[in-house]
K.L.:
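Can you keep this structure in mind? I'll have questions shortly.
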Amino acid sequence: MTSPLRRLAAATTNTWRPALVLAVVLVAWWVVAARQVVPNYLVPRPEQVWQTLTGQWDFLMRNSFVTLWETILGFVLAALIGLGAAVLIAYSKTMERALYPIVLFAQVIPKIAIAPLLIVWFGFGLTPKIILAVLIAFFPVVISGVAGLRSTDPELLDLSATMGASPWQTFRKIRFPNALPHLMAGLKVAVTLAVVGAVVGEFVGATEGLGYVLLVANGNLDAPMLFADLFLMSAIGIALFAVIEAAEALLIPWHASRRAGTPLTTS
Amino acid sequence: MTSPLRRLAAATTNTWRPALVLAVVLVAWWVVAARQVVPNYLVPRPEQVWQTLTGQWDFLMRNSFVTLWETILGFVLAALIGLGAAVLIAYSKTMERALYPIVLFAQVIPKIAIAPLLIVWFGFGLTPKIILAVLIAFFPVVISGVAGLRSTDPELLDLSATMGASPWQTFRKIRFPNALPHLMAGLKVAVTLAVVGAVVGEFVGATEGLGYVLLVANGNLDAPMLFADLFLMSAIGIALFAVIEAAEALLIPWHASRRAGTPLTTS
Amino acid sequence: MTAAAIDITGLVVTFRSKRAQTTALTEITMQVEPGEFVTIVGPSGCGKSTLLKVVAGLVRPTSGTVSLMGQQVNGPQKEIGFVFQRAALLEWRGARKNILLQAEIRGLDRADAARRADQLIELTGLQGFENALPHELSGGMQQRVALCRALLHQPRVLLMDEPFGALDALTREQLNEELNRIWRETATTIVLVTHSIAEAVFLGTRVEVMSQRPGRLLRTLDVDLPKERRYAQVMSDPTFDRLASEIRGLLGSGANH
Amino acid sequence: MTAAAIDITGLVVTFRSKRAQTTALTEITMQVEPGEFVTIVGPSGCGKSTLLKVVAGLVRPTSGTVSLMGQQVNGPQKEIGFVFQRAALLEWRGARKNILLQAEIRGLDRADAARRADQLIELTGLQGFENALPHELSGGMQQRVALCRALLHQPRVLLMDEPFGALDALTREQLNEELNRIWRETATTIVLVTHSIAEAVFLGTRVEVMSQRPGRLLRTLDVDLPKERRYAQVMSDPTFDRLASEIRGLLGSGANH
Amino acid sequence: GASDPGPTGRPAALKNVTLTLNWVPYGEHAPFYYGKMKGFYENEGINLEIKPGGGSGKTIQAVAQEQTDFGWADTPPLLKGIHTGMKVKSVGVFLQKGPASIEFLADKGITTPSDLKGKTVGGTPGDAMYATFPAWLKANGMQAADVKVVNVDAAGKIAALTEGKVDAIMGFFHDQAPTIEGNTGKKVNYLLFADHGMNMLGTGLVVNENYLAKNADLVKAFVRATQKSWAEAANNIAAAADAMVAMAEQEPAKAVLVKQLTLAIPLLQGAPGVNTEAKWVETISLMSQYAELKDAGSPSKYWDSTYAGKG
Ligand SMILES: Nc1ncnc2c1ncn2[C@@H]1O[C@H](COP(=O)(O)OP(=O)(O)OP(=O)(O)O)[C@@H](O)[C@H]1O
Ligand SMILES: Nc1ncnc2c1ncn2[C@@H]1O[C@H](COP(=O)(O)OP(=O)(O)OP(=O)(O)O)[C@@H](O)[C@H]1O
Ligand SMILES: [Mg+2]
Ligand SMILES: [Mg+2]
C-alpha cells in the first residue's frame with residue numbers, strides 16, 4: 001500500500017464511526033421532516049436548511065462573526081474573572097464566605113431577567129452582550145478553579161513551604177499547574193456557556209448576531225433560517241470547545257488523563 | 001465564660017464577615033434605590049421588596065415550591081444522565097467521538113429556541129420544565145465526570161487489573177470514588193443551572209412557579225415583586241448548592257481539599 | 001512434565017515517549033518452576049519493576065514471549081498477588097478496607113476474608129490502625145497494608161516489588177521470616193525484587209542478579225540453604241557470606257561495566 | 001556560646017482525627033550542634049518522619065518547643081533542605097526542572113543553579129533522563145531527583161527522611177560516601193532518618209535510636225570514627241560492628257517492650 | 001458643516017434620528033420604509049435609521065433611557081411605563097383601533113366570543129391583552145373561569161396554536177395570522193377586542209420628555225413625515241411592501257407583508273396619528289379598571305397632542 005493510501009485508510013478508521021452517527025442523525029431528521037412527523041414549519045427538511053445556508057451565506061457569516069466575537073471576549077473575561085474569584089475563595093476563608101453567596105446569586109438569577117437592566121445601563125452595543133456572556137460563563141470556572149486549587153497534594157505544599165516560597169510562587173509553580181486538569185474542565189463548560197450568553201444578550205437588544213437572527217426567524221416562523229442559525233451557533237460552540245481541548249493537550253500532556261496508552265486500555 | 005456565651009462568640013467570629021458583606025450590599029442597594037441613581041421602576045427600595053415578600057408570602061411560597069420541585073427532579077435526572085454519558089465517553093473512544101458532538105450541540109443551542117418544540121411535544125405540564133432543566137444542567141456533569149474518570153492513577157488501574165476486576169468493579173471501587181472530587185464540582189454547577197432551567201421552562205409555558213411570577217411581574221413593571229422573585233430563586237439555588245457542599249463533605253472527607261487543617265494553612 | 005510457573009523467552013521492553021526511547025529490558029530468558037522463590041537484585045533503574053509488570057501482563061513486551069502457568073500472557077493476569085513498589089492504596093478507604101478490596105473484587109467469602117485480614121493486620125503490627133486512612137499512616141505502615149492486601153487471597157504466584165523497602169531492620173527480618181513460613185506452607189511461587197542483598201539471599205531459593213540498564217540477567221545464584229530459615233541461623237552460615245559477597249561483586253562489576 | 005543548630009525540648013505530638021488519637025512522639029529532648037550529622041533509626045511508625053516535620057515547622061508540636069539556629073520554630077522553615085519520604089515531585093516537570101524548582105523559588109542565580117543541577121544529575125547517575133517526567137522514572141530514580149533537589153541550594157541544615165531507601169546496595173553506598181564528602185566540605189548540619197543500621201553508623205557522628213510508638217529517644221550512640229569515611233574501611237572497623245549490634249539490640253528490646 | 005453637500009446633492013443638514021420598532025420587522029412597519037424610500041423623512045431634514053425591537057415594553061424602556069430617539073410601541077404598556085415613572089410621552093397613536101385580538105384556526109368554528117367557553121387560550125403574561133382578557137370576557141357576558149388560560153411565551157405561541165396544544169391565542173391578528181397562513185397554509189380567524197366591547201388605542205410614536213423639550217421642531221417634523229408615510233402607504237400597499245423588501249433585512253415574505261399591512265390599514269381610524277381626547281380617556285379608564293392602573297390621571301400625563309394634532 002502506498003503511503004497516502006495508508007494515511008487515507010487510517011483517517012477512515014478514525015472517522016467512520018462519528019461519521020456514521022452524523023449520518024444516522026441526518027437520516028432520522030430527514031425522515032421526521034419528510035414524512036412530516038412534525039410539520040415542516042417546525043422542523044424543516046435538511047435540504048431547505050442547506051438552501052438557506054448557501055443562499056444567505058454572506059448574511060449568516062456576518063452575523064456569525066458578530067456572535068463569535070462577543071463569545072470570545074466574554075469567554076476570555078469570564079475565564080480571567082472566574083480564575084480570580086477562584087483564587088480568592090480558595091485562599092481565604094473570609095473571601096469564601098463573602099464571595100460565594102454573591103457568586104451564587106449571580107449564577108442562579110435567570111440572565112434574561114436582568115437583561116433589561118443591562119440594556120438600561122449599557123445600551124444596545126457590545127457591552128451588555130459581553131457582560132451577559134461573562135455572567136453566564138464564569139461560574140464553572142470558579143467552581144472548578146476552587147476544586148483544582150484545593151486539591152493540591154499537601155506534601156507538595158509542605159515542599160514549597162520549606163523552600164520559602166511566597167504565596168504567589170506557590171500558586172504559580174504548584175497550585176496552578178496542579179489545578180489545570182480541573183480548570184480545563186471548567187473552561188470547556190464556560191466556553192459553551194459563553195455562546196449561550198452572547199446569544200441571550202442578542203435576544204434582548206441587538207440588531208445583529210445569531211441571537212437576533214434567531215428572534216427574527218422565530219417571529220417569521222421561518223424554520224429553515226431558524227435551523228441554519230442553530231446550526232451555526234453550535235458550530236461556533238463546538239469549534240471553541242475543540243480549541244480548548246487542543247489547549248488542554250498542549251498544557252497538561254503530563255496528566256494521567258492524557259498519557260498515551262495508559263488511560264483506559266487495561267480495564 | 002459560660003458555654004452558651006462562648007458558642008455565641010464563636011458563631012459571631014464565624015459570621016461577622018459574611019454578615020458585613022451582606023450589610024454592605026444592602027446599604028449599596030438602598031442608596032442606589034433611595035437616591036434614584038437608577039429609577040425605582042427598575043430597582044425598588046429594599047423595604048418595598050420586604051413588604052412584597054411578607055405581604056405575598058403564601059403566594060410566593062406556593063410558587064417557590066413548584067420551582068423547587070422541578071429543579072430537584074431536573075437536577076437528579078441531569079446528574080444521572082450526565083454521569084451515564086461521562087462513563088460512555090470516558091470508556092469508549094467511539095462513544096467519545098459519537099457522543100461529544102451531540103452533547104455539545106445540546107449544550108450550545110439556546111434552550112429558549114427549542115421551547116416551541118417542547119411545547120408541541122410535551123404540552124404545558126411538568127415534563128417540558130424538567131427536560132429544560134436537564135438540558136441546561138447535564139453538560140457540566142458530563143465534562144467533570146469525564147475529567148474525573150480519566151484522572152485515575154494508572155497504578156490503581158494496574159492494581160485492579162491484577163485483581164481480575166470487571167470493568168464494573170473497577171468503575172465502582174476505583175474510578176468512581178476517584179472521580180468524586182471532580183464530579184462534585186460538576187454537580188455544584190449543575191444544581192445552580194437546574195434552577196435556571198426550571199425557570200426558563202416556566203417562561204415558556206406555565207401557570208405557576210417563580211419563572212411565571214417573574215414574567216408577570218416583568219409585564220406589570222412590578223419591580224418589588226420582580227426582586228422578591230429573584231431573591232427566592234437565588235435562595236433556592238444557594239440552598240441546593242449548600243446541600244451539595246454538605247454531601248461533598250460526607251462523601252469525600254478523605255480528599256486533600258477536605259482534610260482538616262491541611263489545606264491552606266501552610267502557604 | 002509440568003509447565004513452568006513463569007516462562008520468559010527473549011524478552012525486550014522499550015519505552016517510547018515523545019522525548020526519548022528507553023530500552024528497559026533486553027534479552028531476558030528465564031524460567032521459574034512452581035514453588036520456587038526467586039529474588040531479583042539489580043541497580044536502580046535497570047528494569048526490575050518493568051520485569052514484574054511484564055509477567056503480570058501490565059506492560060506489553062516489545063518482543064519476546066512470557067507465559068504464566070503455561071498460558072501465554074496477553075493481558076493483565078489475575079491469578080497472582082502483586083505488591084507494587086509504591087503502596088498504591090485507595091486514599092478513601094481505611095487500612096482494613098484497603099486490604100479487603102482484594103476480597104471484594106475477587107468475591108471471596110466475607111467472613112473468611114475478614115478473619116484472614118485481621119490475622120494479617122496482627123502479623124504486620126497494624127492493630128489499632130484498622131480504620132486509619134492512608135494519609136494518616138507512616139510510610140512503612142502503608143507498605144504493610146499493601147503487603148497484607150497481596151497476601152489476603154493466597155495467590156499461587158506472588159510478584160513483590162521491594163515489599164519491605166520502607167521497614168526498619170527488625171520488622172523487616174520478622175516479616176521476612178513470616179514470608180518464608182507462608183511460602184513453605186502454601187507452596188506459592190514467588191518472585192521478589194529487593195535492594196537488600198541479605199534479604200535476597202535469605203528469602204530466595206535462587207537469586208537473579210541484573211545488569212545496569214538495559215537490564216539483562218547477569219548471573220543466577222542457587223541458594224543452597226534449607227527451606228526453613230531463621231535470620232539467626234542463616235547469617236552465621238558461611239553459604240550466606242559467600243553468596244552475599246558474590247552478589248556484591250556482581251553488582252559492582254555491573255555498575256562499572 | 002553559639003546556639004544549637006536544632007534544639008528540641010519536651011516535644012509531644014499527638015494527631016487527632018475523628019476516628020482516633022495517636023500520640024506519635026512523646027517527651028523528646030535533643031540538641032544538634034552546628035555541623036553535626038545525626039542519624040535516627042527506629043521501628044516503622046514510631047514518629048521519625050513526624051520529628052523531621054516538626055523541626056521543619058510543617059507539623060505543630062502538641063507541647064514542647066523546637067528551635068532552629070536559635071530561632072523558635074513557629075511555621076515552615078526555609079533555611080533548610082528537606083528530602084521527603086515520598087519523592088514529592090511535580091508530575092508536570094521533567095527531572096531537571098524538578099531539581100531546578102528549588103533555584104526558581106529561592107531566586108538563585110540561573111547559570112550557577114543549572115551548572116550545579118547538572119553536576120548533581122551526573123553524581124546520582126541520572127544523565128539521559130533530564131527531561132523524563134516523574135512517571136517515566138523508576139522508583140529509585142525519582143528518589144534521586146528528590147535528593148538532588150534538596151542538595152541544590154547547599155542549605156545549612158539538611159533534613160532527610162530515608163533518602164536512599166529505594167536504591168540498590170551499591171548506588172546507596174556510593175551516594176552515602178558522596179553525602180559524607182558534601183557534609184565534610186560544607187559543614188552542613190544533617191539529620192537523616194534511615195532503616196539501614198549500617199547507613200546510620202556509616203553516616204552519623206551520632207545515632208539516635210527511637211522506641212516504638214509513641215516515639216521516645218531510647219539511646220544516643222556517639223560514633224567514634226574519623227570524619228572522612230569509606231565503606232571498605234568502616235565495615236572492617238570493630239567500632240562499626242559494636243555499634244551495629246548495639247543498635248540492633250536496642251531495636252529488638254524496643255520492639256518487645 | 002452646513003456647507004457640505006450631502007450624497008444626494010442636498011444641503012447636508014440632515015439630522016440623524018433612530019426609530020426603534022415594537023418588534024422585529026413585520027408588515028405594520030412597511031410605511032416607515034416606504035417613507036424613507038420616498039424621501040419623506042429627508043424632505044423634513046431627517047436621516048432615519050430603523051431598528052428592530054424586542055417588544056413594546058422594551059422599546060418604551062429604551063426611549064426612557066434615551067437609547068433611541070423615537071419608539072414605536074403599543075399604548076397599554078406605555079400607560080404602565082409612564083405610570084411607574086418613565087419620563088416618556090406619546091406624540092400620537094397611529095393605530096387608533098387596538099389590534100389586540102384572539103386568534104384561532106378557522107376550522108375551530110369560533111365566530112363569537114361566547115364560542116370560547118370551555119376552550120384553552122394561550123397568552124403571554126405581561127402582554128396588555130393578557131391583563132385585560134378576563135375583563136373582555138366579562139364584557140361579553142362570560143366569567144373568567146369559563147376559559148382556561150395557559151401561559152406561553154412569544155416564541156411558543158404560534159407552534160402551540162398550530163399544533164393544537166391550545167384552541168386560541170392572544171396576539172396581534174395582523175401580525176400572526178398572515179404569518180401562520182403564509183407558512184402553514186392553515187386559515188386563521190380572529191376576534192378583535194376592539195370589535196367586541198373593549199376598544200383601546202394601539203401602536204404609536206413614543207418620545208422621551210427630555211428629547212421633546214430640546215427638539216420640539218424635529219419631533220414635529222418627524223411626526224409630519226410619519227403621518228405622510230402612513231397616509232401614502234395606505235394607498236400604495238404593494239409599493240410599501242416592496243420598499244420594505246428592498247430596505248429591511250430578514251423581513252417576512254412579500255405576500256405576508258402585504259397581508260399584514262392590508263390588515264393594519266383599517267386600524268387607522270381617522271388621520272394617521274391624530275387622536276381624540278375621548279379615546280385616550282376610554283383607554284385609560286379601561287386600563288385602570290382592569291389592569292391595576294391606579295390613580296391613572298388625565299390623558300395629558302401620557303399624551304402630547306401638540307405634534308400630531310387632536311381630532
Ligand atoms: N512508563 C514509562 N515510560 C518511559 N520510561 C519508563 C517507564 N517506566 C519505566 N521506564 C524506564 O525504564 C527503566 C526501568 O524502570 P524500572 O522501574 O523497571 O526500574 P527498576 O529496576 O524498578 O528501578 P528501581 O530499583 O529504581 O525501582 C528506567 O530507565 C525508566 O526510566
Ligand atoms: N496526618 C496524620 N494524621 C494522623 N496520624 C498520623 C499522621 N501522620 C502520622 N501519623 C501517625 O503518627 C505515627 C508516626 O508516623 P511517622 O510517619 O512519623 O512514622 P515513621 O517513624 O516515619 O514511620 P516509617 O518508618 O514507617 O516511615 C504513625 O502511627 C502514624 O499513623
Ligand atoms: Mg522499581
Ligand atoms: Mg516515615
Side-chain angles (χ1 to χ4, degrees), chain C residues 15 17 19-20 22 24 41-50 84-87 94 124-126 128-133 136-144 161-162 164-174 194-198 200 210 212-213 244 247-248 250-252 254-256, chain D residues 15 17-20 22 24 41-50 84-87 94 124-126 128-133 136-144 161-162 164-174 194-198 200 210 212-213 244 247-248 251-252 254-256:
Chain C
F15 289 103
S17 72
R19 216 167 306 95
T22 312
V41 295
S44 170
C46 75
K48 304 178 295 295
S49 301
T50 307
F84 290 87
Q85 190 166 6
R86 291 192 304 148
T124 52
L126 287 169
F129 291 88
E130 285 88 349
N131 295 320
L133 292 174
E136 296 168 338
L137 297 174
S138 80
M141 292 161 95
Q142 290 176 11
Q143 202 172 37
R144 283 179 271 163
D161 199 350
E162 300 184 40
F164 307 114
L167 301 179
D168 61 289
L170 258 274
T171 313
R172 186 169 190 154
E173 290 175 8
Q174 265 171 33
T194 179
H195 281 318
S196 160
I197 297 174
M210 288 179 69
Q212 285 228 316
R213 185 184 47 251
I247 294 168
R248 166 169 290 276
L250 284 165
L251 285 175
N256 303 323
Chain D
F15 290 103
S17 72
K18 260 163 277 163
R19 217 166 306 95
T22 312
V41 296
S44 169
C46 77
K48 303 180 293 298
S49 303
T50 306
F84 290 88
Q85 190 164 7
R86 292 191 305 151
T124 51
L126 287 170
F129 290 89
E130 284 88 350
N131 296 321
L133 292 175
E136 296 167 339
L137 297 173
S138 80
M141 292 162 94
Q142 291 176 11
Q143 203 172 35
R144 282 179 272 163
D161 200 351
E162 299 184 41
F164 307 114
L167 301 178
D168 62 289
L170 258 274
T171 311
R172 186 170 190 152
E173 289 174 10
Q174 266 171 33
T194 179
H195 282 318
S196 160
I197 295 172
M210 287 179 69
Q212 286 227 315
R213 189 184 40 253
I247 293 169
R248 166 169 290 277
L251 285 174
N256 303 322

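The basis for the numbers below is simple: all heavy atoms, side chains too, and nothing from hydrogens, waters or symmetry mates. Residue numbers begin at 1 in each chain, while the letters A, B, ... track the order of the sequences.
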K.L.:
List in chain and number order the residues that pass side chain to side chain contact (heavy atoms under 4.5 Å, CB included) with Glu173(D), two or more places apart in sequence or in another chain; answer none if no residue qualifies.
P.N.:
Arg248(C), Tyr231(D)
K.L.:
Less than 4.5 Å to any heavy atom of chain D: does that hold for the side chain of Leu133(C), its backbone, both, or neither?
P.N.:
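Both backbone and side chain of Leu133(C) come within 4.5 Å of chain D.
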K.L.:
Can you tell me how far CD of Gln212(D) sits from OG1 of Thr171(C), rounded to the nearest 0.5 angstrom?
P.N.:
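Answer rounded to 0.5 Å: 7.0 Å.
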K.L.:
With respect to chain C, which residue among Gly128(D), Ala166(D), Gly94(D), Cys46(D) yields the maximal number of heavy-atom pairs within a distance under 4.5 Å?
P.N.:
Ala166(D)
K.L.:
Do you know which of Arg213(D), Arg172(D), Arg86(D) has the most heavy-atom pairs with chain C at a distance under 4.5 angstrom?
P.N.:
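The answer is Arg213(D).
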K.L.:
Using non-hydrogen atoms only, which part of Ala169(D) is less than 4.5 Å away from chain C: side chain, backbone, both, or neither?
P.N.:
both
K.L.:
What part of Ile197(D) gets within 4.5 angstrom of chain C, counting heavy atoms only: side chain, backbone, both, or neither?
P.N.:
side chain
K.L.:
Quick one: which of Thr22(C), Val41(C), Ile247(C), Asn131(C) has the most heavy-atom pairs under 4.5 Å with chain D, could you say?
P.N.:
Asn131(C)
K.L.:
Heavy-atom pairs under 4.5 Å with chain D: which of Glu162(C), Glu136(C), Met141(C), Lys48(C) has the most?
P.N.:
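Of Glu162(C), Glu136(C), Met141(C), Lys48(C), Glu136(C) has the most heavy-atom pairs under 4.5 Å with chain D.
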K.L.:
My understanding is that only residues two or more places apart in sequence, or in another chain, count here; which of them pass side chain to side chain contact (heavy atoms under 4.5 Å, CB included) with Ala87(C)?
P.N.:
Leu89(C), Gln142(C), Ala146(C)
K.L.:
Between Gly139(C), Gly125(C), Ser196(C), Gly165(C), who has the most heavy-atom pairs with chain D when the cutoff is under 4.5 Å?
P.N.:
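With the most close heavy-atom pairs to chain D, the winner is Gly139(C).
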K.L.:
Atom CD in Gln143(D), atom OG in Ser44(C): separation rounded to 0.5 Å?
P.N.:
8.5 Å
